[in-house]
Amino acid sequence: MAEQQNESKVPKEITPRSVDFSQWYVDVVRKAELADYTTMKGCRVIRPYGYALWENMRDALDRRIKDTGHQNAYFPLFVPESLLKKEAAHVEGFAPEVAWVTHGGNEPLEERLAIRPTSEAIICSIYADWVQSWRDLPILINQWANVVRWEKVTRLFLRTTEFLWQEGHTCHRTHEEGIEETLKMLRVYAEYAETELAMPVIVGMKTENEKFPGAETTYCIEALMSDGRALQAGTSHDLGQHFSQMFDITFEDEDQVRKHVWQTSWGVSTRLVGGVIMTHGDENGLILPPRIAPVQVVVVPIFKAANKAEVLAKAQEIGARLKAAGVRVRVDDRDQYSPGWKFNDWEMRGVPLRLEIGPKDIEKQQCVLARRDNREKAFVPLTELEARVPALLAQLQTDLLERARRFRDENTRTVASFDEFRQVIEDKRGFIRAGWNGDPAVELKIKEETKATIRCIPLGDDNRPLPPPEGLKCIYTGEPAKYEVYFARAY
RNA sequence: CGGGGCGUAGCGCAGCCUGGUUAGCGUGCCUGCCUUGGGAGCAGGAGGUCGGCGGUUCAAAUCCGCCCGCCCCGACCA
């Protein structure tokens with residue numbers, strides 16, 4: 001039995017991460033057939049394997065959104081220019097990246113239509129009609145949709161002209177209730193990222209510079225990719241009454257006073273697919289967390305001409321048993337590829353577990369289970385499959401999260417001086433926890449000098465910004481720190 | 001959008017500088033035989049507007065101009 005691994009024999013179709021992380025990323029996305037470029041700038045096609053992954057990610061989040069009392073709905077793709085312009089900060093924030101429709105057929109439109117870069121404006125205009133009484137509140141609606149942002153620089157999944165996401169848009173009677181909703185969904189995102197994606201996140205609040213255009217406060221989850229750059233993985237906004245005032249969303253309260261609603265919005269996107277790739281992938285390609293993997297177990301039959309029928313039948317039988325046990329399984333009965341080829345192929349695609357079954361195994365009533373993450377192999381009696389496979393998948397899921405968390409913690413540093421800050425950001429990257437005096441100008445200075453931004457002001461379990469340690473100084477000015485924040489270079 | 005690099009078969013590349021039969025190589029793909037416990041082998045075969053448009057020339061993958069796309073580094077962003 002080939003227990004020993006011969007790394008040098010593994011063909012390197014994928015550029016090593018250590019050589020060129022960006023190229024590694026593109027290679028993985030394309031070779032694993034997650035996505036591909038199209039003839040339109042910045043637009044990609046999500047291929048079936050990538051879309052199956054997104055569907056699993058989407059469904060796991062959709063369950064949570066519904067479990068917290070929200071309903072799905074669908075709003076128009078177009079936003080009339082006049083609506084988009086209603087909230088000043090909002091339009092200013094999005095104007096440079098809006099795609100406009102100017103003609104219907106051959107007729108010029110009287111008013112340009114924006115293709116939604118986000119749906120606050122169109123949804124608020126509709127909510128204005130829907131909300132009349134305090135009894136209509138809260139409105140708890142989510143939308144799964146595509147949005148378009150005319151980005152100058154695009155990267156597969158991380159930043160594309162068109163992307164898929166969900167956007168929750170809620171209305172509340174009081175600010176307290178709105179804040180509670182904002183934080184509730186923030187925590188849902190954090191739990192989702194860790195449980196389903198095995199992606200550990202920092203839960204925090206954005207600074208003024210980084211907050212959503214039109215928001216009162218923006219909260220976020222921030223993840224650390226394996227190249228040491230941060231990824232904003234999800235945001236949740238307390239919109240206050242900024243939009244309800246501009247769009248006149250009012251209700252008559254129990255006290256017979258007409259009031260503006262308090263709103264929230266929150267979203268995550270297909271960008272998370274990029275996050276999963278860059279959190280878990282290795283030199284051999286993708287590593288997918290079992291809970292979202294399109295294929296959790298691939299069965300590779302190993303046969304010779306003489307026993308082909310018998311082995312294939314056994315492989316199919318095992319496949320059927322695992323499927324009945326609730327496992328997403330694929331039996332790779334392709335004739336034109338050797339077992340070794342299939343091993344490499346499925347490793348590249350990140351399938352968490354491989355099950356090898358050959359004549360020797362059948363004789364001993366066992367099979368080989370090989371883990372994608374650490375390449376460990378184990379012989380497992382066929383009678384124990386229904387118990388062992390789900391257990392191994394669960395273990396793998398836990399181990400991936402643990403490994404990512406260890407990486408994140410090992411790459412979260414504190415520094416004694418701004419010189420050291422500069423050095424660490426340049427050489428090691430990762431997160432730096434450092435004091436900040438709360439001045440937006442200082443944040444911009446630091447960004448200018450190091451390309452690092454404040455990813456977030458971390459929140460405590462009570463959802464309030466964590467107070468800085470006693471005596472902490474601002475890393476840039478030396479003044480007393482208002483917060484201890486996370487800095488990083490980000491995607 | 002500024003600086004740099006690249007675009008030739010599905011993928012990876014050579015050819016270009018110094019223009020000249022029918023544009024090559026590896027891999028993949030198709031057919032057959034053979035093989036299958038970490039990307040096997042042999043034989044035959046299909047597949048190209050040389051990124052696009054225009055120019056120079058008797059002749060352009062090759063020289064010139066413009067445009068488009070991709071990657072990296074900046075500025076902007078989920």
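Numbers restart at 1 for each chain; the letters A, B, ... are given by sequence-line order, proteins then strands. Everything numeric here is computed off the predicted structure, so don't read it as measured data.
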Using a cut-off of under 3.5 Å, enumerate the N/O to N/O pairs linking the protein to nucleotides 7-11 of chain B.
none

Review point. Contact class for Leu158(A) (heavy atom, under 4.0 Å): base, sugar-phosphate, or nothing?
Key: base
Check your understanding: Would the Phe421(A) and Phe418(A) ring centres measure less than 6.0 Å apart?
Key -> yes
Practice item. Write down the distance separating the C1' atoms in A59(B) and G41(B), rounded off to the nearest Å. Key: 45 Å
Exercise for review: List for me each residue that meets side-chain contact (heavy atoms from CB on, under 4.5 Å) alongside Ser22(A), sequence neighbours excluded, and say none if there are none.
Suggested key: Asp20(A), Arg155(A)
**Study point:** CH2 (Trp341(A)) with more than 12 external heavy atoms under 6.0 Å
**Key:** yes
Point to revise | Set of side-chain contact (heavy atoms from CB on, under 4.5 Å) partners for His90(A), sequence neighbours left out | key: Leu84(A), Glu87(A), Phe94(A), Thr118(A), Glu120(A), Phe212(A), Phe243(A)
Check your understanding: Rounded to the Å, how far apart are Leu164(A) CG and A78(B) C1'?
Key -> 13 Å
Point to revise | Separation of U35(B) P from Lys342(A) NZ (nearest whole Å) | key: 17 Å
Revision key, fill the gap. Expected list for residues 83-93 of chain A near RNA chain B, using heavy atoms below 4.0 Å, is none
Practice item. Using the test side-chain contact (heavy atoms from CB on, under 4.5 Å), find all partners of Asn411(A) that sit at least two apart in sequence or belong to another chain. Key: Leu224(A), Phe407(A), Arg413(A)
Practice item. Using heavy atoms and a sub-4.0 Å distance, could you list which residues of residues 333-340 of chain A are near RNA chain B? By number, please. Key: Tyr337(A), Ser338(A), Pro339(A), Gly340(A)
Review point. With rounding to whole Å, what would you report as the distance between G10(B) and G47(B) at their P atoms?
Key: 12 Å
Revision key, fill the gap. Applying side-chain contact (heavy atoms from CB on, under 4.5 Å) to Arg63(A) and not counting sequence neighbours gives Asp59(A), Ala60(A), Glu196(A)
Exercise for review: Classify the nucleic acid contact of Glu151(A) as base, sugar-phosphate or nothing, counting any heavy atom under 4.0 Å across all strands shown.
Suggested key: base
Point to revise | Per Thr160(A) side chain, nearest of listed nucleotides G38(B), A78(B), G37(B) | key: A78(B)
Between N or O atoms, less than 3.5 Å apart, protein on one side and nucleotides 31-34 of chain B on the other: list the pairs.
none

Point to revise | Selection residues 263-283 of chain A - residue pairs positive for ring pair (Phe, Tyr, Trp, His ring centres under 6.0 Å), sequence neighbours left out | key: His70(A)-Trp266(A)
Check your understanding: What pairs with Tyr49(A) under side chain to side chain donor-acceptor pair (under 3.5 Å), at least two apart in sequence or on another chain?
Key -> none
Exercise for review: Taking the side chain as every heavy atom from C-beta outward, state whether Tyr476(A) and Trp436(A) have any atom pair closer than 4.5 Å.
Suggested key: no
Point to revise | Selected nucleotide, minimal atom distance to Lys451(A) side chain, candidates G37(B), A78(B), G74(B) | key: G74(B)
Review point. Does the side chain of Arg155(A) get closer than 4.0 angstrom to OP1 or OP2 of C71(B) through an N or O atom?
Key: no
Review point. Between A78(B), C70(B), U36(B), which nucleotide has the shortest distance from any of its atoms to the side chain of Arg271(A)?
Key: A78(B)
**Study point:** Spatial distance of atom CG (Leu164(A)) from atom OH (Tyr51(A)) [nearest 0.5 Å]
**Key:** 6.0 Å
Point to revise | Atom-to-atom span, NZ of Lys364(A) to C1' of G37(B) - whole angstrom | key: 11 Å
**Study point:** Qualifying ring pair (Phe, Tyr, Trp, His ring centres under 6.0 Å) pairs with a residue from residues 299-318 of chain A, counting only residues at least two apart or across chains
**Key:** none
Solution key, residues 197-210 of chain A side-chain donor-acceptor pairs under 3.5 Å, sequence neighbours excluded:
unit_1, atom_1, unit_2, atom_2, d
Lys206(A), NZ, Glu222(A), OE2, 2.7
Lys206(A), NZ, Gln232(A), OE1, 3.0
Lys206(A), NZ, Arg455(A), O, 2.9
Thr207(A), OG1, Glu443(A), OE1, 3.0
Thr207(A), OG1, Glu443(A), OE2, 2.9
Glu208(A), OE1, Lys211(A), NZ, 3.4
Asn209(A), ND2, Pro440(A), O, 3.2
Asn209(A), ND2, Glu443(A), OE1, 2.7

Practice item. State whether Asp36(A) and Arg30(A) are salt-bridged, where the test is any N-O pair (Lys NZ or Arg NE/NH1/NH2 against Asp/Glu carboxylate O) under 4.0 Å. Key: yes
Practice item. Name the nucleic acid region contacted by Pro301(A), choosing base, sugar-phosphate or nothing; use a 4.0 angstrom heavy-atom cut-off, strictly under. Key: nothing
Review point. When we call it a touch if two heavy atoms are under 4.0 Å apart, what does Lys447(A) touch: a base, just sugar-phosphate, or nothing?
Key: sugar-phosphate
Review point. So is Arg229(A) actually on top of Tyr491(A)'s ring, under 6.0 Å and inside 45° of the axis?
Key: yes
**Study point:** OP1 or OP2 of C72(B) under 4.0 Å from side-chain N/O of Ser22(A)
**Key:** yes
